Amino acid sequence: MATTIPAPPASALELAEKNFRPAAVEADLYEWWERSGFFKPDEGSHERPFVMMLPLPNVTGDLHLGHALGFGGYEDLIARWHRMRGEPTLYMPGTDHAGIIAQYVVEQELAKEGITRQQLGREKVLEEMWKWMDHYRPRIEKQLRLLGCSLDWSRPNFTMEPSKQRAVRTHFIRLYKRGHLYRDDRIVHWCLQCQTTYSDLEVKHVERTDPLYYVRYPWAGAMPAGTPDVVVATTRPETIVADVAVAMHPDDERWKALVGKEVLVPIVERRVRIIADEAVDPSFGTGALKITPGHDATDFEIGKRHGLPVISVIDKRGMMTPAAGSLAGPDRDTARAMMVSKLRAKGLIVREEQVTHAIGVHERCGTVDEPLVMKQWWVRMDRLAPPAIAAVRDGRITIHPRYQEKVFFNWMENIRDWPVSRQIWWGHSIPAWFCRDCDAVIVPDEDAPDPTRCPKCRSDDIYQDPDVLDTWFSSALWPFTTLGWPDETPDLRRYYPGSLLETGYDIVFFWVARMIMMGLEEMGDIPFHSVYLHGLVRVGSVKMSKSLGNVVSPVGLIEEHGADALRFALVNGVAAGADSQLSQDRLDHARNFANKLWNISRFALRQIDEHPEAFHGHTADQRPQAMGDEARWILSRTDAAIAESSRLIEGYLFGEYLAALEGFVWGELADIYVELAKPSLRSGDATETVRTLAYALDRVLRLLHPSMPFITETIALQLWQRTGKSEPSASLVVSRWPEPGARDSALEERFAVFVDVVRTIRNLRQQAGLDPSARARVSLAGETASIRELLGQIGELTRSEVTVGRGEGTATVVRAIEVRLAAKRDAAGERERLERELALARDLVRRSRELLGREGFAEKAPKEVVEKERAKLAEREERVRLLEQEIRRLE
RNA sequence: GGGCAACUAGCUCAGCUGGUGAGAGCGUCUCCCUUACAAGGAGAAGGUCGCUGGUUCGAGUCCAGCGUUGCCCACCA
């Protein structure tokens with residue numbers, strides 16, 4: 001920690017308005033936190049560090065709500081909690097150069113000025129890319145600060161910075177030398193728009209209806225009479241010119257006898273064989289599939305199995321190549337129409353129908369996939385995947401919520417090799433050179449400079465692979481490149497492996513799985529111990545996406561409601577891993593809750609100001625030695641809230657944690673304790689009450705700080721300025737998370753009765769139509785022992801004089817206590833009400849008796865459960881008796 | 001085709017290791033500007049926890065089957 005800590009901002013110390021105004025304090029507080037070094041891990045600590053890497057946002061534009069959920073909602077909550085637990089906490093910032101997406105975005109910008117990347121050339125486009133990065137990186141970093149993320153900004157990271165380029169080069173070379181990387185001609189997804197390949201994961205399937213043509217392939221030789229025609233169904237007739245076979249399912253009785261015979265590919269008149277392959281679906285079309293290895297992934301695989309040649313008739317721009325013969329020249333759509341009319345002219349189209357099928361499109365731009373066969377770099381998965389599967393299988397890495405592990409296994413166990421070449425310009429260059437004279441592939445040694453001549457044939461006519469690497473190739477290394485790898489840095493030693501990886505479940509395959517594989521490969525150890533996967537945030541009920549134009553900027557929401565309200569609203573009450581939606585209601589509610597806390601604090605601070613003597617020799621963070629019931633009660637409940645909060649956060653139940661905390665702060669501290677505190681504050685000795693109020697507030701601020709850092713810090717500064725605190729920390733950020741004290745469950749049980757009685761009296765008052773501001777008289781009879789000490793408090797919350805004993809007036813029974821309010825009785829109406837209550841009460845008695853009388857219950861259920869049920873039955877029976885008595889009295 | 005999950009109040013959703021009048025927010029109704037807060041307070045109404053079986057003394061919670069919905073993966077031409 002910094003040796004001298006600057007003074008906290010005056011704005012936070014002075015804000016005293018009736019409503020909390022986030023804009024007045026947030027920027028100042030963040031700046032103070034950052035400048036004071038609170039977000040740097042304590043290097044001197046011997047505690048085990050907590051390490052979490054930011055899921056590096058793409059430098060493609062501003063942050064959206066999904067980022068706010070992950071970064072501000074979950075990660076910062078988790079980081080702040082660990083920091084408060086005394087763990088040296090490293091929440092590592094960084095951004096991603098975002099390869100294809102970023103280049104696509106910048107190209108769109110250029111297109112607005114009518115410029116294409118080809119016109120500009122590689123150098124200039126890269127200049128534009130860097131300009132974009134230089135513009136958006138600070139903006140993104142600013143937005144992370146607005147969210148309140150406690151990132152260690154002294155350790156900035158960017159995937160394209162020189163140190164990362166060196167790391168990627170090293171990694172590539174090592175993978176290559178170890179045999180995990182190979183180069184091969186294989187079919188890949190090609191984007192005509194982006195002019196690059198992409199991986200299976202980046203293919204989106206969309207439903208589309210297209211004409212399905214049934215095309216007859218004439219027999220090559222004479223066939224016996226009655227031999228059926230071979231008819232294939234296709235949506236892509238333009239690829240017929242690249243057909244090299246027709247395939248049937250081996251078990252298809254219709255065609256079995258014809259396997260091995262030859263047909264003529266229409267128009268090109270090529271003789272091809274009929275083959276049998278399991279991949280053919282006999283129920284589709286006629287059960288005969290045309291095989292086009294050059295332009296279909298399935299066909300490519302089938303072709304490989306049968307040793308068929310590959311014919312490519314479509315080029316990278318989507319134009320028909322000379323190999324297409326009479327179709328050469330036009331684009332693929334025009335060629336399709338041309339082919340259809342040619343086939344029609346020859347009478348080869350036997351049928352045409354509409355078919356709805358799934359077609360692949362590039363998820364970034366929506367362009368229909370064009371499978372092409374190209375020479376590409378591939379990462380072999382056969383040896384990288386098994387250790388990653390094992391790490392999760394044997395629990396070295398746990399994924400929360402746990403069911404996501406099944407999803408992980410399902411994918412990893414069917415994983416396919418990963419194509420990592422991209423034909424764009426923005427990205428990590430590939431440290432591989434090719435020799436024009438002997439075709440050698442040259443990958444230099446790790447620390448060697450770029451090669452200048454071919455080691456095989458000594459030619460100096462070599463060139464570097466012009467492709468760049470998939471973005472995820474570099475982000476897979478994030479857990480260790482951020483720590484200085486491949487150098488053996490102190491950071492790498494201290495902070496690897498990390499503790500937790502928090503991200504959305506939608507990038508498990510893209511990123512999480514690959515980090516695990518590469519961590520194990522390069523570091524020989526898992527990259528993190530746990531993974532927490534949050535759900536997706538929707539706006540209203542619609543998924544947020546750029547194409548739908550409903551991307552919400554968190555910045556506007558922060559300006560309007562404050563970062564705390566946004567952070568709280570995004571997480572409160574959301575089940576682990578579940579998708580959620582952010583609505584105006586949720587935001588308003590969160591803001592209202594923040595305001596509630598603010599006003600509890602204003603009340604407490606005013607009381608402290610009026611009773612300064614309470615803090616001579618005592619501080620807000622010291623648990624007061626309370627005597628009074630209500631003080632002891634709220635202290636016990638505070639301890640319950642502490643224990644509950646810790647338990648829920650440890651269990652990754654963040655939504656529950658906030659919901660439970662809100663219930664405590666609003667429903668118990670504000671609605672009950674603050675009200676009970678008022679009379680004793682007016683009386684002579686307020687010391688105990690003020691101290692209790694301050695202490696409860698101090699605890700609540702700590703408990704809530706991980707989610708609502710700004711408001712809690714503002715209040716804490718104001719509180720501690722008045723009361724002092726025993727802990728030396730200058731800020732709530734680096735204060736200790738509370739430990740729960742001993743609870744008084746007997747007292748809590750008495751207060752549960754108390755709360756029931758209060759509600760019953762208030763209800764009775766309203767039913768009787770009493771003037772809300774008038775004082776009433778209430779008498780309690782029956783089993784009043786547990787609340788005998790709390791009569792004054794009951795009176796305080798119900799504006800009543802409360803006595804024990806028989807009284808007059810309108811009555812009801814709660815638990816086994818008769819409650820009577822001095823008011824005029826409406827005999828008929830009251831009788832009706834009491835009869836209704838009696839019926840319900842009898843039903844409850846019946847249920848209790850049934851449960852207790854059931855065979856096996858008394859023997860098999862835990863003793864406490866049986867005891868509790870017996871007590872409940874007794875109370876219910878007494879309530880029935882009292883209600884009956886009351887009804888009789890009405891007669 | 002394979003996998004994962006969801007189905008709880010009018011709406012949006014909690015309910016974690018099974019324990020018995022099923023919770024919240026919003027909305028609805030009644031009342032209240034009580035000097036911390038009207039961005040508030042008090043009270044109320046509202047649910048056969050998708051369906052059918054099973055396990056258990058006991059099931060919203062566990063198991064099986066079914067139905068509906070969503071998502072992911074996959075070589076639907």
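Below, read A as the first sequence line, B as the second, and so on, with proteins coming before strands; counting in each chain starts at 1. As the structure is a computational prediction, the values presented were derived from the model and not from experiment.
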Can you tell me the base-pairing partner of B:rU34? Count Watson-Crick or G-U wobble geometry only, both distances below 3.5 Å, and say none if there is no partner. none

What does B:rA39 pair with, Watson-Crick or G-U, if both distances are under 3.5 Å? none

Write down the distance between CG (A:D210) and P (B:rA77), rounded to a whole number of angstrom. 9 Å

Would you kindly compare A:V203 and A:V758 by the position of their nearest RNA chain B nucleotide and give the one closer to the 5′ end? A:V758

Partner of A:I761 under side-chain contact (heavy atoms from CB on, under 4.5 Å), picked from A:V758, A:V757, A:N763, is A:V757

For nucleotides 12-17 of chain B, just jot down a letter per nucleotide in 5' to 3' order: B, S or -, based on protein non-hydrogen atoms under 4.0 Å. SSSSB-

Under 4.0 Å between any heavy atoms, over every strand shown, what does A:D200 touch: base, sugar-phosphate, or nothing? Just pick one. sugar-phosphate

Just jot down the side chain to side chain donor-acceptor pair (under 3.5 Å) partners of A:Y652, sequence neighbours excluded, or say none. A:S530

Between B:rG25 and B:rG41, how far is it from one P atom to the other, in whole Å? 10 Å

State whether the number of non-hydrogen atoms from other residues, nucleotides or ligands found under 6.0 Å of A:E832 atom CD is greater than 12. no

Salt bridge check: are A:E644 and A:R647 linked by an N-O gap of less than 4.0 Å? yes

Which residues satisfy the ring-ring contact (aromatic ring centres under 6.0 Å, His included) test with A:F654, sequence neighbours excluded? A:Y74, A:Y532

Between B:rG27 and B:rG67, how far apart are the P atoms? Round to whole Å, please. 39 Å

Complementary nucleotide for B:rC76 - Watson-Crick or wobble, under 3.5 Å: none

Who passes salt bridge (charged side-chain N to carboxylate O under 4.0 Å, His left out) against A:E675, sequence neighbours left out? A:K678

In numerical order, the residues of residues 857-865 of chain A whose heavy atoms come under 4.0 Å of RNA chain B are A:F857, A:K860, A:A861, A:P862, A:V865

Side chains of A:V407 and A:Y505, heavy atoms from C-beta outward: is any pair under 4.5 Å? no

Phosphate OP1/OP2 of B:rA44: any A:N763 side-chain N/O under 4.0 Å: yes

Base, sugar-phosphate, or nothing: which does A:F284 touch, judged by heavy atoms less than 4.0 Å apart? base

Note: for A:E855 and A:R416 on RNA chain B, the residue whose nearest nucleotide lies more 5' is A:E855

Looking only at side-chain N and O atoms, does A:H357 come under 4.0 Å of OP1 or OP2 in B:rA77? yes

Taking the basic N atoms (NZ, or NE/NH1/NH2) and the acidic carboxylate oxygens, is any pair closer than 4.0 Å for A:E796 and A:R682? yes

Between C1' on B:rC76 and NE2 on A:H205, what's the gap in Å once rounded to a whole number? 10 Å

For B:rA44 and B:rU61, measure between their C1' atoms and round to the nearest Å. 29 Å

Pairs satisfying salt bridge (Lys or Arg N to Asp or Glu O under 4.0 Å), at least one member in residues 284-297 of chain A, at least two apart: A:D243-A:K290

Can you check the distance between B:rA14 and B:rU20, where both ends of the measurement are the P atom (answer in whole Å)? 23 Å

Report the nucleotide, chosen from B:rC4, B:rU20, B:rA44, that has the shortest atom-to-atom distance to any side-chain atom of A:R759. B:rA44

Counting primed atoms, P, OP1 and OP2 as sugar-phosphate and everything else as base, the B/S/- map of nucleotides 31-41 of chain B against protein heavy atoms under 4.0 Å is SS-BSBBSBSS

G-U wobble or Watson-Crick pairing nucleotide for B:rC62 (cut-off 3.5 Å, both distances): B:rG54

Interatomic distance where CG belongs to A:D369 and C1' belongs to B:rC76 [whole Å]: 15 Å

Within the 4.0 Å heavy-atom criterion, would you say A:F509 contacts the bases, only the backbone, or no part of the nucleic acid? sugar-phosphate

Between P on B:rC4 and CD1 on A:I399, what's the gap in Å once rounded to a whole number? 14 Å

Tell me the interatomic distance from A:D281, atom CG, to B:rA77, atom P, rounded to whole angstroms. 10 Å

Pairs of donor and acceptor atoms involving the side chains of residues 836-850 of chain A, under 3.5 Å and at least two apart or interchain, shall be tabulated with distances.
{"residue": "A:E837", "atom": "OE1", "partner": "A:T812", "partner atom": "OG1", "Å": "2.7"}
{"residue": "A:E837", "atom": "OE2", "partner": "A:T812", "partner atom": "OG1", "Å": "3.4"}
{"residue": "A:E837", "atom": "OE2", "partner": "A:R833", "partner atom": "NH1", "Å": "3.4"}
{"residue": "A:R842", "atom": "NH2", "partner": "A:E884", "partner atom": "OE2", "Å": "2.7"}
{"residue": "A:D843", "atom": "OD1", "partner": "A:R846", "partner atom": "NE", "Å": "3.1"}
{"residue": "A:D843", "atom": "OD1", "partner": "A:R846", "partner atom": "NH2", "Å": "2.6"}
{"residue": "A:R846", "atom": "NH1", "partner": "A:E850", "partner atom": "OE2", "Å": "3.1"}
{"residue": "A:S848", "atom": "OG", "partner": "A:E869", "partner atom": "OE2", "Å": "2.9"}
{"residue": "A:S848", "atom": "OG", "partner": "A:R876", "partner atom": "NH1", "Å": "2.7"}
{"residue": "A:R849", "atom": "NE", "partner": "A:E877", "partner atom": "OE2", "Å": "3.1"}
{"residue": "A:R849", "atom": "NH2", "partner": "A:E877", "partner atom": "OE2", "Å": "2.6"}

Looking at B:rC26, B:rG43, B:rC73, which one has an atom nearest to any side-chain atom of A:L201? B:rC73

May I ask you to say what A:R876 touches in the nucleic acid, namely base, sugar-phosphate or nothing, with a heavy-atom cut-off under 4.0 Å? base

A:F664: which residues meet the ring-ring contact (aromatic ring centres under 6.0 Å, His included) condition with it, sequence neighbours left out? none

Rounded to whole angstrom, note down the P distance from B:rG10 over to B:rG53. 25 Å

Using a 4.0 Å heavy-atom cut-off across all strands, classify A:A279 as base, sugar-phosphate, or nothing. base

Sequence neighbours excluded, which residues qualify as salt bridge (charged side-chain N to carboxylate O under 4.0 Å, His left out) partners of A:E238? A:R236, A:R336

For atom OH of A:Y505 and atom P of B:rG70, their distance in whole Å: 14 Å

According to side chain to side chain donor-acceptor pair (under 3.5 Å), who are the partners of A:R759, at least two apart in sequence or on a separate chain? none

Considering only the P atoms, how many Å lie between B:rC63 and B:rU55, rounded to the nearest integer? 15 Å

Please report the distance separating the C1' of B:rA59 from the corresponding atom of B:rG15, rounded so that it comes out in whole Å. 14 Å

Tell me what A:K872 touches on the nucleic acid: a base, only sugar-phosphate, or nothing, going by heavy atoms under 4.0 Å. sugar-phosphate

Could you identify the nucleotide paired to B:rU69, looking across every strand shown and requiring Watson-Crick or G-U wobble geometry with both distances under 3.5 Å? B:rA5

Please measure how far the P atom in B:rA5 lies from the corresponding atom in B:rG46, and state the result in whole Å. 36 Å

A:N414 CG - B:rC4 P separation (whole Å): 12 Å

ring-ring contact (aromatic ring centres under 6.0 Å, His included) involving A:W411 - partner list, sequence neighbours excluded: A:F509

Name the pairing partner of B:rU28, where a pair is Watson-Crick or G-U wobble with both distances under 3.5 Å, or state none. B:rA44

Base-pairing assignment for B:rA22 (Watson-Crick or G-U wobble, both under 3.5 Å): none

Whole Å only: how far is the CZ atom of A:R236 from the C1' atom of B:rC76? 15 Å

Taking all non-hydrogen atoms of both residues into account, name the closest pair between A:A242 and A:T292 and its distance. CB-CG2, 3.6 Å

